[in-house]
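Reviewing the structure listed below.
These values consider heavy atoms only, across backbone and side chains, with no hydrogens, waters or symmetry-generated copies. Because the structure is predicted, anything quoted here is derived from the model rather than measured. We name chains A, B, ... by the order of the sequence lines, and we start the count at 1 in each one.
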Protein chains: 2
Amino acid sequence: MVESKSTLADIAKLAKVSVKTASRVVRQEPNVSPKTRAAVEKAMKILKYRPSLAPRAAVGTRSYLLGLIFDNPNPSYIVDLLRGALDQTRKEGYHLIVEPVMASSPTVMEDITSLLVQSNVDGMLLPPPLCDEPIILEALRASGKPFARIAPSVSTDVGLHVEMNDFEAARQMTQTLIALAHTSVGFVTGRRGTVTTKRRLSGFLSAMRDANLTVPDRFIVEGTFEYRSGLVAGEALLRHAERPTAIFASNDGMAAGLIAAAHKFSLSVPDDVSIAGFDDSVVATVVWPPLTTVRQPIKEMAAAAVRMLIEQLRGRLDPASSTRELPFELMIRASTTSIATRTKIKAVPT
Amino acid sequence: MVESKSTLADIAKLAKVSVKTASRVVRQEPNVSPKTRAAVEKAMKILKYRPSLAPRAAVGTRSYLLGLIFDNPNPSYIVDLLRGALDQTRKEGYHLIVEPVMASSPTVMEDITSLLVQSNVDGMLLPPPLCDEPIILEALRASGKPFARIAPSVSTDVGLHVEMNDFEAARQMTQTLIALAHTSVGFVTGRRGTVTTKRRLSGFLSAMRDANLTVPDRFIVEGTFEYRSGLVAGEALLRHAERPTAIFASNDGMAAGLIAAAHKFSLSVPDDVSIAGFDDSVVATVVWPPLTTVRQPIKEMAAAAVRMLIEQLRGRLDPASSTRELPFELMIRASTTSIATRTKIKAVPT
DNA sequence: GTGAAAGCGCTAACAC
DNA sequence: GTGTTAGCGCTTTCAC
């Protein structure tokens with residue numbers, strides 16, 4: 001089924017042309033007569049020719065390899081990223097070398113150099129949080145290889161990048177809660193210091209302000225993006241009698257923690273308290289009730305990053321810096337409900 | 001920081017030896033005097049030499065690339081797999097090319113050949129369910145490249161493989177439930193037809209039989225490994241007054257569904273019904289209460305598969321077939337509790 | 001123990 | 001339009 005690989009020389013011989021001409025056809029270069037082209041293409045088909053990547057890389061031009069390094073504890077995020085990147089690399093005739101890297105590890109530079117030099121990748125994909133590591137950015141810039149950053153939080157002037165509008169997403173989700181007649185809404189922030197955290201909080205506050213709703217200080221609780229911090233935040237918010245009727249967490253993990261906290265206090269979600277998350281990770285549909293959340297277009301972002309990278313490799317993109325913004329989506333599920341509905345049930349029917 | 005790569009010729013010159021001798025040292029071959037070896041190693045250090053992978057592959061011997069194809073909807077499974085494989089490949093000086101493949105797609109063979117021929121991988125890693133596809137196994141066997149199968153369900157006589165003892169794991173988990181004084185235990189199977197499904201069910205039944213406990217037919221419900229099927233199974237099992245006091249699901253996703261079903265019927269987990277899962281996926285610690293489950297050593301299995309593959313490439317392993325079994329672990333969490341405890345609480349204290 | 005030469009499959013430079 | 005030549009950085013003969 002998989003026969004011994006044929007070489008460029010083989011098809012050149014069969015098509016009765018020189019190796020170079022054969023190469024021209026394979027690489028879709030111009031300056032080949034339609035007739036020779038056809039002949040070579042026929043030979044390629046007969047011999048099931050597939051150019052070997054290694055010699056191409058050896059000769060120093062292109063390796064047709066892209067590097068993806070990651071340091072992210074969230075499996076569904078990684079998998080989405082991977083799928084998006086892989087789909088696109090394959091479409092473009094590239095391959096992906098994956099490497100887990102720990103930003104804190106003393107061997108970060110080693111690991112990256114290994115990809116850059118040993119495997120000779122043509123470009124690099126940098127998902128968060130690695131895309132914000134100054135040391136990595138610096139190394140990559142120094143190497144001269146192009147790289148695309150996915151949802152970066154800092155120095156958005158370096159390299160290509162793909163993002164989504166965190167502010168707008170948080171604003172719209174908050175508006176959705178307000179539309180459900182919630183007036184006292186709590187918020188759990190992400191890890192302090194990240195731009196994502198800041199933007200999502202701003203979006204929330206902006207929507208509340210626009211609706212002339214006040215947010216008591218103690219309704220805004222700092223989290224870390226971890227499940228546990230959501231649980232703790234939920235306990236803090238729901239302990240008091242004057243608790244919010246809805247809580248918006250900066251990611252799904254923390255929202256799952258909020259649900260657990262509600263259960264602990266024997267509060268029903270969404271009847272006693274509506275919960276919204278952010279990311280639409282697997283967690284969102286595995287908890288009960290399923291989570292209303294913001295779908296980050298992770299797959300699409302990864303694919304777009306690959307596309308930009310390859311465009312740049314082909315010289316079709318400004319090498320300095322270029323951005324692309326992908327659209328998010330609000331996923332309304334069972335963890336949120338209208339206050340009106342709720343009161344109707346508990347009140348005497350009219 | 002990342003300097004222009006040095007070549008073998010560079011270090012040969014610096015160490016005042018021939019290129020071949022330099023190569024010998026780099027590749028740790030014998031027949032080099034300790035003195036020359038030291039000199040070359042020094043030169044390598046000074047020039048920060050890193051052998052480029054491409055020419056090695058070009059010359060047709062080794063590409064130092066392993067291929068990992070996957071077709072699995074479970075993100076945490078993939079990530080664990082990836083981490084295990086990557087850790088080990090790196091340790092061995094190899095790299096990993098990852099490719100998502102859909103067994104049902106008409107381009108499966110294309111995709112695999114692409115890895116085999118274009119990228120010239122030295123070997124392949126086959127996780128489930130791809131490792132059970134006859135067409136893929138056949139193609140791989142025909143290619144002559146070594147491959148390692150992870151937790152295969154069928155034709156366990158082809159290629160290297162790594163597994164865990166599903167039967168024993170299910171048996172021990174069931175024994176744990178029995179030890180908690182549960183006598184009426186329900187079971188949700190996996191997708192029909194897979195060996196995994198069969199083995200886990202056998203383990204369950206074996207433990208019940210050994211304890212002289214009978215299992216009514218309707219306590220065994222067929223699932224599909226999906227969350228939804230767990231929910232449905234839970235509704236079927238818990239609807240009746242004579243319901244099991246514990247339910248063991250063949251994976252965590254379905255166990256999460258069981259919990260959701262219990263909530264629907266206002267049953268408390270674990271006080272009214274204990275729930276156990278299988279896999280220890282992320283889901284297990286994100287649901288409430290956290291799930292008692294069997295930890296599959298996925299990372300370790302992937303690492304072991306890589307190790308076996310590389311051993312075979314080095315000729316240190318029987319090329320025909322070789323197996324390795326990794327140990328599982330019972331993770332006892334809050335979703336299971338003793339019947340005794342439960343009754344104690346509800347009964348008058350002695 | 002060590003090295004010179006040949007060549008992997010491809011691409012680049014420069015002819016024709 | 002097409003072919004020739006000379007490499008890429010490494011590994012493999014097979015000498016010495």
Side-chain angles (χ1 to χ4, degrees), chain A residues 4-41 43-44 47-65 93 95 116-122 313-314, chain B residues 4-41 43-44 47-65 93 95 116-122 313-314:
Chain A
S4 60
K5 53 209 144 231
S6 47
T7 75
L8 205 50
D10 294 335
I11 68 155
K13 189 151 68 173
L14 195 105
K16 290 187 179 140
V17 294
S18 76
V19 191
K20 177 60 203 167
T21 303
S23 167
R24 271 195 263 260
V25 175
V26 171
R27 311 189 18 172
Q28 319 220 48
E29 283 177 21
N31 299 335
V32 183
S33 79
K35 216 173 119 187
T36 10
R37 170 151 306 180
V40 174
E41 273 164 357
M44 282 168 62
L47 297 180
K48 300 201 177 166
Y49 176 70
R50 296 169 161 284
S52 173
L53 258 27
R56 287 182 167 177
V59 84
T61 31
R62 292 269 195 76
S63 64
Y64 294 88
L65 247 34
H95 289 258
L116 253 30
V117 178
Q118 286 205 260
S119 299
N120 193 30
V121 297
D122 289 342
L313 287 170
R314 295 195 177 127
Chain B
S4 60
K5 50 208 145 232
S6 46
T7 75
L8 204 49
D10 293 335
I11 69 156
K13 189 152 68 170
L14 196 110
K16 292 188 176 140
V17 293
S18 75
V19 189
K20 175 59 202 165
T21 303
S23 167
R24 269 194 264 259
V25 175
V26 171
R27 310 188 18 166
Q28 319 219 49
E29 284 176 20
N31 298 336
V32 184
S33 78
K35 217 174 120 186
T36 8
R37 173 155 313 215
V40 174
E41 274 166 356
M44 282 168 63
L47 296 180
K48 299 199 175 165
Y49 176 70
R50 293 169 163 286
S52 174
L53 258 27
R56 286 183 167 178
V59 83
T61 31
R62 292 269 196 75
S63 65
Y64 294 89
L65 246 35
H95 289 258
L116 252 31
V117 178
Q118 287 205 259
S119 298
N120 192 29
V121 297
D122 289 342
L313 287 169
R314 295 198 178 124

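End-to-end axis angle for the helix from C:dG1-D:dC16 to C:dC16-D:dG1, using five pairs per end and rounding to 10°, comes out at 30°.
In this structure, the side chain to side chain contact (heavy atoms under 4.5 Å, CB included) partners of B:Asp122, at least two apart in sequence or on a different chain, are B:Arg62, B:Ser63, B:Leu66, B:Tyr94, B:Leu313. Residues meeting the side chain to side chain donor-acceptor pair (under 3.5 Å) test with A:Ser18, sequence neighbours left out: A:Thr21. Evaluation of the salt bridge (charged side-chain N to carboxylate O under 4.0 Å, His left out) rule for B:Glu41 yields no partner, not counting sequence neighbours. Scanning for side chain to side chain donor-acceptor pair (under 3.5 Å) contacts around B:Ser23 gives an empty result, with sequence neighbours left out. Every residue meeting the salt bridge (charged side-chain N to carboxylate O under 4.0 Å, His left out) condition with B:Arg50, not counting sequence neighbours, appears here in chain and number order: A:Glu110. Every residue two or more places apart in sequence or in another chain was checked for a ring pair (Phe, Tyr, Trp, His ring centres under 6.0 Å) with B:Tyr49, and none qualifies.
Taking a heavy-atom distance under 4.0 Å as the criterion, the stretch of DNA chain D touched by chain B extends 5' to 3' from D:dG9 to D:dT12. Contacts between chain A and DNA chain C, taken as any atom within less than 4.0 angstrom of a protein heavy atom, begin and end at C:dG9 to C:dA13.
Listed here is the closest heavy atom pair of B:Ala43 and B:Ala15: CB-CB, 4.0 Å. In plain terms, the two heavy atoms of B:Thr7 and B:Asp10 that are nearest each other are N-OD2, 2.9 Å. Scanning all heavy atoms of the two residues, the minimum distance from A:Ala22 to A:Leu8 falls at CB-CD1, 4.0 Å.
Residue-level contact check: A:Tyr49 touches the backbone only, with heavy atoms under 4.0 Å from sugar-phosphate atoms and none from bases.
Applying the salt bridge (charged side-chain N to carboxylate O under 4.0 Å, His left out) definition to pairs two or more places apart or across chains, those involving residues 24-36 of chain B are B:Lys20-B:Glu29, B:Arg27-B:Glu29.
Counting heavy atoms from C-beta on, the side chains of B:Ile11 and B:Val26 come closer than 4.5 Å. Using a 4.5 Å heavy-atom threshold, the side chains of B:Val32 and B:Val40 count as separate.
Near DNA chain D, defined here as any heavy-atom distance below 4.0 Å, the residues from residues 22-38 of chain B are B:Ser23, B:Arg27, listed numerically. Taking a 4.0 Å limit (strictly below) on heavy-atom distances, residues 8-18 of chain B reaches DNA chain D at B:Leu8.
A distance of 12.5 Å separates CG in A:Leu53 from CG in B:Leu53, rounded to the nearest 0.5 Å.
The backbone N or O of B:Val121 sits nowhere less than 3.5 Å from a side-chain atom of B:Ser119 that would complete a donor-acceptor pair.
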